[in-house]
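Following: one structure in structure tokens, then a few remarks.
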Number of protein chains: 2
Amino acid sequence: MGTTQLETVPEPKYWHLRTVLSEALESEFAVGEILPNERDLAARFGVARATLRQALEQLELEGRLQRRRGVGTTVAPPRVGVSVGDEEPRWPGALDEAWQSVDSTLGTPPTAVARLLGTADGEQVYRIRRSRVSHGQPVAAELLCVPVGSLPDLAVPDSSLTAAAQARAVLRALGTRALDGQDRSVELGSAGADDSKELDRLPGAPVLVVTTRFFAEGRTAAVSVATYRADTCRLTFGDSGRVQIHHQN
Amino acid sequence: MGTTQLETVPEPKYWHLRTVLSEALESEFAVGEILPNERDLAARFGVARATLRQALEQLELEGRLQRRRGVGTTVAPPRVGVSVGDEEPRWPGALDEAWQSVDSTLGTPPTAVARLLGTADGEQVYRIRRSRVSHGQPVAAELLCVPVGSLPDLAVPDSSLTAAAQARAVLRALGTRALDGQDRSVELGSAGADDSKELDRLPGAPVLVVTTRFFAEGRTAAVSVATYRADTCRLTFGDSGRVQIHHQN
DNA sequence: AAGTGGTCTAGACCACATT
DNA sequence: ATGTGGTCTAGACCACTTC
């Protein structure tokens with residue numbers, strides 16, 4: 001077994017290590033079990049710790065491992081399927097959703113969001129921050145921006161209201177309007193300082209960014225940017241959330 | 001400007017560097033422009049090359065940079081929006097799609113796919129590999145598996161047919177059947193040895209894995225696993241493909 | 001206090017593309 | 001031949017959790 005290494009096209013050590021560890025995870029470890037620490041593992045495989053870490057990072061990116069500073073490295077459970085969007089469009093804040101409002105302010109949107117909304121520079125929007133929890137773990141953080149002009153019937157928020165109450169008021173006002181359609185995109189991103197705290201991860205952690213535009217009366221009435229933990233989540237469309245999907249090689 | 005560093009909660013160097021570089025990219029560089037090489041940049045910022053590389057990796061993950069061995073680091077264009085799935089389900093291989101069949105074999109599916117198909121161990125499937133090109137660049141590689149039993153009318157392939165012709169025959173046969181529905185999920189993965197070659201990336205490159213199940217006559221008639229380059233692609237649902245979305249901070 | 005993963009360093013060599 | 005990014009090393013120290 002020690003003599004298998006003469007390959008015609010020698011792959012990088014960390015990649016080979018990843019494969020070896022991957023197989024070991026399937027055959028010799030149970031979900032939740034803790035692995036030996038990095039220094040021991042590196043010594044066992046005869047590589048520098050940095051090289052071992054490169055392999056672990058790959059496996060963590062694939063959702064196979066979970067690493068926590070001060071604690072250790074554990075075998076991750078299969079990713080949870082989180083349903084994001086069905087066939088028919090719906091306003092955010094519909095009752096059956098798993099979102100919880102954590103804050104609501106009045107201010108200017110991030111420039112990327114302003115571009116999607118088509119708002120003028122410095123135009124005010126309601127900024128609602130929500131978080132989504134699944135199986136007791138935070139899985140997503142969202143920033144929902146609604147131009148003040150989209151909700152003419154809503155009184156400018158009273159400072160006597162709690163942030164959560166303000167958020168509810170905005171969502172309720174949105175729900176009364178006719179929704180013409182919506183739009184969605186998914187891309188890879190990395191958690192900023194704020195999101196990473198909400199998601200209980202380090203800054204820079206990989207996230208799946210789901211951007212949704214809501215259309216009403218010929219314009220973009222709201223934009224939601226939701227960041228999902230890429231390590232623990234599998235986004236599902238339709239009703240595939242019920243099914244187990246496992247990692248590929 | 002050199003004295004701004006006394007922070008109450010000092011963030012990691014590589015993260016701070018990422019921010020600095022990110023701002024420089026927006027203000028001082030044009031798309032396609034090449035950055036100074038890593039050794040120079042590291043010296044300029046007074047950090048080790050490994051630390052600088054950590055910052056560059058972040059920016060590459062976010063689709064802001066593109067690095068090519070032997071060439072250099074360039075400013076990446078905005079991610080291209082690739083449409084994946086509309087409202088109504090449709091068999092793969094419909095005419096308007098941008099997929100190109102590259103191979104077709106008869107064999108057993110990967111275990112993860114077998115689980116989704118509900119096939120018995122060792123049951124044979126048509127395995128079709130396709131690739132998708134957008135703007136002259138490969139953006140996705142797909143493995144489409146169809147159990148032989150799903151297409152009773154199709155003769156077992158003749159070895160005289162080319163792989164592309166076999167693939168067409170399978171897709172055509174699929175298209176004649178009634179499609180009851182479909183199912184989709186998106187998750188983060190890393191490119192395997194085979195996919196990474198098709199996508200023109202190094203093994204381990206981040207990819208968005210889109211898994212689609214096709215239902216017909218009460219069973220899963222086909223499963224598609226498509227891996228999209230996460231660095232260059234933004235997956236769109238509905239008709240958001242027309243719009244520019246830029247990175248967040 | 002001890003043990004874990006996270007950050008950082010300063011160097012070396014390799015694979016690849018270009019000249 | 002040169003220059004680029006990619007891999008790897010051996011060590012140090014830090015931040016965090018747990019005991």
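Sequence lines set the chain letters: A, B, ... in the order given, protein chains first and strands last, and positions in each chain run from 1.
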So does Arg213(A) pair up with Asp183(A), basic N to acidic O under 4.0 Å?
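So Arg213(A) pairs with Asp183(A) through a salt bridge.
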
Does Arg53(A) pair with Glu38(A) as a salt bridge, N-O distance under 4.0 Å?
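Yes, Arg53(A) and Glu38(A) are salt-bridged.
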
Whole-Å gap separating [atom2] ([N]) and [atom1] ([X]):
X         : N       : atom1 : atom2 : answer
Leu56(B)  : dT4(D)  : CG    : P     : 14 Å
Trp15(B)  : dA15(D) : CH2   : P     : 18 Å
Arg53(B)  : dG5(D)  : CZ    : P     : 9 Å
Asp200(A) : dA15(D) : CG    : C1'   : 15 Å
Leu65(B)  : dT4(D)  : CG    : P     : 16 Å
Arg69(A)  : dC16(D) : CZ    : P     : 5 Å

Could you check whether the rings of Trp99(A) and Tyr228(A) sit parallel, tilted or perpendicular, using 30° and 60° as the cut-offs?
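Rings of Trp99(A) and Tyr228(A): perpendicular, over 60°.
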
Between the side chains of Thr212(A) and Arg184(A), is a donor N or O closer than 3.5 angstrom to an acceptor N or O?
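Their side chains do contain a donor-acceptor pair, which is all the 3.5 Å distance test asks for.
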
Does any donor-acceptor pair link the side chain of Arg39(B) with the base of dG5(D) at a separation under 3.5 Å?
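Pair found.
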
Scan Arg68(B) against the nucleic acid and name what it touches under 4.0 Å (heavy atoms): base, sugar-phosphate only, or nothing.
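Touches sugar-phosphate only.
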
Nucleotide range of DNA chain C lying under 4.0 Å from chain B heavy atoms
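Extent of the interface on DNA chain C: dT7(C) to dA17(C).
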
Counterpart residues, side chain to side chain contact (heavy atoms under 4.5 Å, CB included), relative to Val133(A) (two or more places apart):
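Checked Val133(A) against side chain to side chain contact (heavy atoms under 4.5 Å, CB included); zero matches.
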
Verdict with reasoning, Arg168(A) to Ser101(A), per side-chain hydrogen bond (donor to acceptor under 3.5 Å, both in side chains)
CA-CA 8 Å; Arg168(A) 270 193 301 274; Ser101(A) 300; over 6 Å; no

Pairwise 5' ranking along DNA chain C for Ala50(A) and Thr73(A), keeping only the more 5' one:
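On the 5' side of the pair lies Thr73(A).
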
